[in-house]
Chemist: 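Dropping the structure in here first, questions after.
In what follows, every heavy atom counts, from backbone to side chain, and hydrogens, waters and symmetry copies are set aside. All chains are named by letter (A, B, ...) in the order of the sequence lines, taking the proteins before the strands, and each is independently numbered beginning at 1.
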Amino acid sequence: MNNQLKVSLPGLELKNPIIPASGCFGFGAEYAKYFDLSCLGSIMIKATTLEPRFGNATPRVAETPSGMLNAIGLQNPGLDVVMSEKLPALEKYDLPIIANVAGSCEEDYVAVCAKIGDAPNVKAIELNISCPNVKHGGIAFGTDPDVAYELTKAVMKVTKVPIYVKLSPNVTNIVPIAQAIDAGGADGLTMINTLLGMRIDLKTRKPILANQTGGLSGPAIKPIAIRLIHQVSQITDLPIIGMGGIYTADDVLEMFMAGASAVAVGTANFTDPYICPKLIEALPQRMEELGIESLEQLRKEVRENRR
Amino acid sequence: MNNQLKVSLPGLELKNPIIPASGCFGFGAEYAKYFDLSCLGSIMIKATTLEPRFGNATPRVAETPSGMLNAIGLQNPGLDVVMSEKLPALEKYDLPIIANVAGSCEEDYVAVCAKIGDAPNVKAIELNISCPNVKHGGIAFGTDPDVAYELTKAVMKVTKVPIYVKLSPNVTNIVPIAQAIDAGGADGLTMINTLLGMRIDLKTRKPILANQTGGLSGPAIKPIAIRLIHQVSQITDLPIIGMGGIYTADDVLEMFMAGASAVAVGTANFTDPYICPKLIEALPQRMEELGIESLEQLRKEVRENRR
Amino acid sequence: MKQEMMTIISQIKIAPKIFELILKGKLVKEMKTPGQFLHIKVPQADLLLRRPISLASIDQKKETCTVIYRVEGVGTESLSLLKKNDFLDVMGPLGNGFDTAFVKPNDRVFIIGGGIGVPPLYQLSKELKQRQAKVVHLLGFAKKEVIFYEEEFRALGETYYSTDDGSYGILGHAGNLLVKARKVGEPSAVYACGSNGLLKMVEQNFSTHPHAYLSLEARMACGMGACYACVCHLQKDETGTKSKKICDEGPVFPTGEVIL
Amino acid sequence: MKQEMMTIISQIKIAPKIFELILKGKLVKEMKTPGQFLHIKVPQADLLLRRPISLASIDQKKETCTVIYRVEGVGTESLSLLKKNDFLDVMGPLGNGFDTAFVKPNDRVFIIGGGIGVPPLYQLSKELKQRQAKVVHLLGFAKKEVIFYEEEFRALGETYYSTDDGSYGILGHAGNLLVKARKVGEPSAVYACGSNGLLKMVEQNFSTHPHAYLSLEARMACGMGACYACVCHLQKDETGTKSKKICDEGPVFPTGEVIL
Ligand SMILES: Cc1cc2nc3c(=O)[nH]c(=O)nc-3n(C[C@H](O)[C@H](O)[C@H](O)COP(=O)(O)OP(=O)(O)OC[C@H]3O[C@@H](n4cnc5c(N)ncnc54)[C@H](O)[C@@H]3O)c2cc1C
Ligand SMILES: Cc1cc2nc3c(=O)[nH]c(=O)nc-3n(C[C@H](O)[C@H](O)[C@H](O)COP(=O)(O)OP(=O)(O)OC[C@H]3O[C@@H](n4cnc5c(N)ncnc54)[C@H](O)[C@@H]3O)c2cc1C
Ligand SMILES: Cc1cc2nc3c(=O)[nH]c(=O)nc-3n(C[C@H](O)[C@H](O)[C@H](O)COP(=O)(O)O)c2cc1C
Ligand SMILES: Cc1cc2nc3c(=O)[nH]c(=O)nc-3n(C[C@H](O)[C@H](O)[C@H](O)COP(=O)(O)O)c2cc1C
Ligand code: FES
Ligand code: FES
């Protein structure tokens with residue numbers, strides 16, 4: 001019974017598969033006022049870069065039907081503050097942390113990956129090569145297989161913890177990129193990051209976001225995430241942490257059936273700050289109704305049924 | 001007052017910019033039972049291929065949050081029946097028709113384009129190089145700039161009416177594709193076709209659609225459509241017929257502000273069969289509230305404000 | 001008129017997960033044929049597609065109609081929360097219903113239904129009764145608790161039940177009821193609505209019967225023939241390119257016509 | 001407790017497009033500081049983001065609170081359709097409100113508000129009155145019709161109006177009222193909420209005043225400090241990398257602190 005929700009991935013022994021997604025949960029402290037973070041499977045902390053960043057001008061968010069756009073621009077206090085303040089503050093929870101790492105060039109990524117794994121609670125790194133909201137780096141690393149391969153290899157050399165590479169959905173064909181990352185030696189994949197979108201303010205006749213474009217997230221993109229996870233899980237054995245529009249226990253199970261081995265929950269935290277504990281609570285009953293013994297069992301079945 | 005909604009595009013003098021999108025309005029006959037089609041700006045008829053096609057196995061549609069997936073697979077009665085029955089049936093309406101043309105190879109496209117313009121009411125062709133739901137052709141033509149260029153050139157040689165090429169959003173970078181089509185001599189662009197998505201049935205643990213993947217349409221994709229139309233309108237002077245999630249007069253105006261010169265309405269017809277006449281009726285008041293004199297005036301302003 | 005904001009007169013749960021919804025509006029005037037369906041816009045903004053639900057009964061005098069549905073997913077769940085005096089966006093009636101014009105007094109007619117396929121058969125049976133046919137109802141359900149409208153059907157003619165778990169009537173599916181009923185006498189007409197398995201069974205039994213009708217289901221978008229979402233193949237089509245649309249050329253087809 | 005399905009006690013239109021909504025629930029116990037806001041989930045499934053709306057008044061005895069909002073877009077439109085006894089998903093109270101701890105009896109205090117920035121100033125003014133401050137309300141509106149709570153403000157202290165079209169009070173914006181009011185005497189505290197233009201005007205007038213406070217707005221997602229959607233730059237930050245989050249470090253800031 002208790003092991004029903006357990007999933008085991010490289011570096012990550014998770015008591016359940018529910019992980020707040022990077023950028024939607026800060027460094028945990030704010031949500032800790034709402035519930036005990038120890039209930040979570042893990043936390044993907046906000047993207048961390050070598051230097052502190054302010055990010056983009058505001059407005060940074062806009063609403064879309066069943067979705068939202070964001071163009072935060074990777075605002076974060078920088079590696080040093082994350083290491084000295086943000087990560088230690090999470091040590092009191094019984095929780096493996098996944099550190100989301102971003103950069104403007106290969107050296108930046110390497111520098112952060114070399115160090116952030118030193119934090120005792122960082123059990124894995126999520127390499128963000130798919131942020132659509134920064135001019136340099138970000139998505140550029142995630143749309144070219146060769147670049148993705150080189151970057152993966154470079155960070156694999158320096159890291160002490162497993163590396164999960166976060167894929168962009170803004171590509172014609174995701175397969176060669178996933179293959180390149182696999183070949184580069186990554187331990188897993190996370191997907192999907194946001195899709196590039198825009199909203200225009202009818203009164204000003206200009207884009208709502210100061211950055212003009214932003215990343216689309218939320219249930220609107222769920223069918224795209226499902227398709228991409230399904231597609232990638234057919235061509236690689238790397239475990240996939242799935243995300244994109246998860247709001248319900250059914251969504252979690254749909255991602256598993258598509259090929260995910262754990263899931264991250266982003267936008268839903270804004271709609272309901274208690275969504276993660278609610279999902280953890282709702283899963284067992286829904287699994288029983290659908291005749292799913294355990295998530296590990298479901299993962300096995302899905303893998304076996306691949307074409 | 002009466003000219004407020006008029007827009008003029010190559011081959012198309014439209015009394016208003018509202019056009020039912022291809023595949024969502026059949027060949028008009030069914031909706032003619034609901035309202036007088038003469039009120040529309042135009043109709044984009046269902047994709048027509050050289051030979052009749054049955055399309056994909058069923059189920060062919062699935063629902064998603066603020067969207068839907070379809071994998072019809074270009075079912076249509078073939079060029080001959082369209083020419084001899086479907087198009088003549090539309091002649092009684094005061095209505096220019098846009099014929100959506102699809103094929104499995106260049107010769108097919110050329111053969112259909114050479115002939116379909118002979119129909120007296122076909123005033124333009126929409127070249128569907130972006131259907132994600134067929135194995136051969138379709139989207140393959142719309143993701144490679146060279147292929148798109150060659151195809152555009154080939155059909156331009158044989159056609160008597162202006163050609164609008166329909167772009168796929170499933171690409172890493174839409175700019176070179178739009179530029180190739182521009183260079184190939186097309187008269188305009190229509191965008192966007194659907195995004196590739198998937199839904200899984202939790203009971204069977206298999207994709208809901210028989211085709212596994214389908215094309216995502218509806219408000220969910222509107223911010224992606226707005227972004228792509230905005231992006232493409234910055235790099236070409238070709239007029240753009242915008243589509244993707246239009247449900248309200250505000251959506252129509254947002255597309256114009258992004259760079260569209262007319263709009264097509266797809267999925268919304270399924271939610272409300274009267275949506276097109278309702279949009280036509282709602283536009284003038286909304287334009288007045290927003291201080292928009294006429295759509296031609298708005299188009300001009302948007303073009304002038306390009307970066 | 002083909003679409004209306006109809007008023008909810010009542011909504012009651014008549015069995016576990018099964019609801020009876022009575023609607024009032026001018027649209028009722030158009031509802032003439034049993035087996036037609038309504039295309040219902042569930043009042044939840046992120047659900048775009050309408051839900052096809054069969055007419056279970058029509059009352060022209062009161063300007064009301066009844067539908068009976070089972071909560072399956074998010075749409076029917078949301079529908080079940082509506083209350084008296086709420087409005088509901090309804091398109092319809094859509095599709096071709098059951099042909100009954102040929103039925104003569106004292107004709108022995110089989111009505112075969114399974115589970116949530118039973119609702120449209122109620123209005124059908126009422127109309128057959130008016131034509132003074134002798135209606136035999138052969139109805140299969142999963143178990144006793146989910147049976148609904150038993151009194152109503154019994155009031156219209158002979159009524160036999162089968163249940164998958166044997167908790168009511170005979171054990172097994174409606175096919176077992178059919179075997180028995182045919183022993184008593186062959187029907188001059190057959191009407192069926194239910195799962196694909198049930199329809200196939202009826203098709204096999206009456207593939208050449210001149211008046212055997214099946215009501216099909218399909219995932220739909222437009223519901224009125226424009227989008228090709230709901231097609232099925234034809235039995236007599238070697239090319240494999242021909243099709244019928246279940247929404248506007250069906251949902252009722254004679255046996256021998258379409259591939260199930 | 002930080003989130004609750006609160007009950008709607010009443011919702012009335014108090015001016016064109018402007019609604020007063022009274023909510024009841026246990027969450028009221030947490031609501032202590034004027035200037036804090038509620039983060040409201042509008043009951044429309046395709047709208048994911050909550051709407052920040054200021055507390056306009058709090059009644060601990062009745063366990064109720066009031067918000068006043070203007071219909072701007074789809075969310076507030078949908079909110080305005082709710083009726084007595086409906087439930088509303090409310091998070092809050094969020095943010096830091098107005099500091100009033102330092103205010104002494106007979107202090108002359110300016111409350112400067114514009115349009116839909118006026119609501120939070122009402123609870124503020126009530127609390128200042130309890131502290132026996134002499135409150136001067138300087139309120140700017142577009143035109144006479146959209147003024148609300150006039151009687152309520154007048155009951156708490158001197159109240160002056162400006163309107164953009166001169167249809168009530170003096171012609172022009174609240175800055176004109178401020179010029180006049182300062183002639184009578186300088187304030188020991190200043191509180192402002194309204195358009196960016198209004199806030200800039202107050203910032204310019206009182207940039208070094210030790211007790212001048214501005215309540216800011218920003219498009220928000222989480223509303224509680226986790227997403228960095230709502231940041232603003234600091235005046236004293238040469239690197240340009242520092243920021244404050246309006247949702248949890250604001251929405252109220254002293255003048256001289258953030259860049260408007
Ligand atoms: C002609 C016709 C008549 C019907 N009559 C009845 C009836 O009288 N009573 C009743 O309970 N049910 C009836 N159904 C089935 C009913 O339409 C589905 O149960 C319902 O649409 C499920 O909606 P949902 O939102 O609860 O499920 P979801 O799974 O959330 O629906 C998602 C999408 O799939 C479609 N869908 C799901 N299941 C079906 C299905 N079995 N058939 C068609 N579309 C489906 C929905 O319409 C929707 O577009 C009928 C179906 C058809 C085609
Ligand atoms: C701290 C704070 C307190 C506020 N207090 C009040 C109040 O007491 N009364 C009142 O009428 N309004 C208040 N507002 C403004 C109010 O939040 C917006 O008018 C409202 O969110 C508009 O929602 P909508 O769905 O109608 O508009 P839409 O334009 O459809 O909203 C789309 C998105 O943009 C956001 N948005 C749009 N306008 C604003 C805005 N001006 N500020 C912040 N987000 C916005 C919405 O929250 C939503 O996420 C306050 C804003 C903030 C930040
Ligand atoms: C406000 C916001 C900020 C985000 N910041 C990051 C980030 O810093 N790093 C990252 O890899 N992804 C970031 N993302 C993407 C999410 O982690 C996630 O991939 C995406 O939102 C899809 O999941 P969802 O639909 O559940 O939100 C951000 C998303 C949002 C909405
Ligand atoms: C059921 C369905 C069938 C479609 N068939 C075609 C088609 O035959 N040819 C084509 O170019 N686009 C087709 N499309 C795409 C639409 O024309 C349109 O580009 C897309 O749906 C986005 O617009 P919407 O969000 O308003 O639906 C189809 C879309 C749907 C939903
Ligand atoms: S549902 Fe559109 S053709 Fe049948
Ligand atoms: S709204 Fe998320 S940090 Fe302020």
Chemist: Do Arg50(D) and Phe37(D) form a cation-pi contact, if we require the NZ or CZ to be under 6.0 Å from the six-membered ring centre and within 45 degrees of the ring's axis?
Modeler: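 No, a cation-pi geometry is absent between Arg50(D) and Phe37(D).
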Chemist: Taking side chain as everything from C-beta outward and backbone as N, CA, C, O, which of these in Met224(D) sits under 4.5 Å from a heavy atom of chain A? Side chain, backbone, both or neither.
Modeler: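 When you check distances to chain A, atoms from both the backbone and side chain of Met224(D) fall under 4.5 Å.
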Chemist: Within the 4.5 Å heavy-atom criterion, are Met6(D) and Leu27(D) side-chain neighbours or not?
Modeler: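 A side-chain contact under 4.5 Å exists here.
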Chemist: Tell me, please, whether Phe54(A) has Lys242(D) positioned over its six-membered ring: NZ or CZ under 6.0 Å from the ring centre and within 45 degrees of its axis?
Modeler: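 Here Lys242(D) fails the 6.0 Å and 45° test against Phe54(A).
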Chemist: Heavy-atom distance under 4.5 Å between the side chains of Ile116(A) and Thr48(A), does that happen here?
Modeler: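 Contact flag for Ile116(A)/Thr48(A) side chains = yes.
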Chemist: For Ala218(D), which atoms come within 4.5 Å of any heavy atom of chain A: side chain, backbone, both, or neither?
Modeler: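 For Ala218(D), no heavy atom lies under 4.5 Å from chain A.
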Chemist: I need the residue from Gly28(A), Gly67(A), Ala62(A) with the largest number of non-hydrogen atom pairs under 4.5 Å to chain D.
Modeler: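 The residue among Gly28(A), Gly67(A), Ala62(A) with the greatest pair count is Gly67(A).
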Chemist: So which of His233(D), His39(D), Met91(D) has the biggest tally of heavy-atom pairs under 4.5 Å with chain A?
Modeler: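 The answer is His233(D).
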Chemist: Looking at Leu81(D), Asp89(D), Leu82(D), Asp86(D), which one forms a side chain to side chain contact (heavy atoms under 4.5 Å, CB included) with Pro43(D)?
Modeler: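 When side chain to side chain contact (heavy atoms under 4.5 Å, CB included) is applied between Pro43(D) and each of Leu81(D), Asp89(D), Leu82(D), Asp86(D), only Leu82(D) qualifies.
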Chemist: Counting heavy-atom pairs under 4.5 Å with chain D, which one of Met68(A), Glu51(A), Lys46(A), Glu63(A) comes out on top?
Modeler: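 Most pairs with chain D among the choices: Glu63(A).
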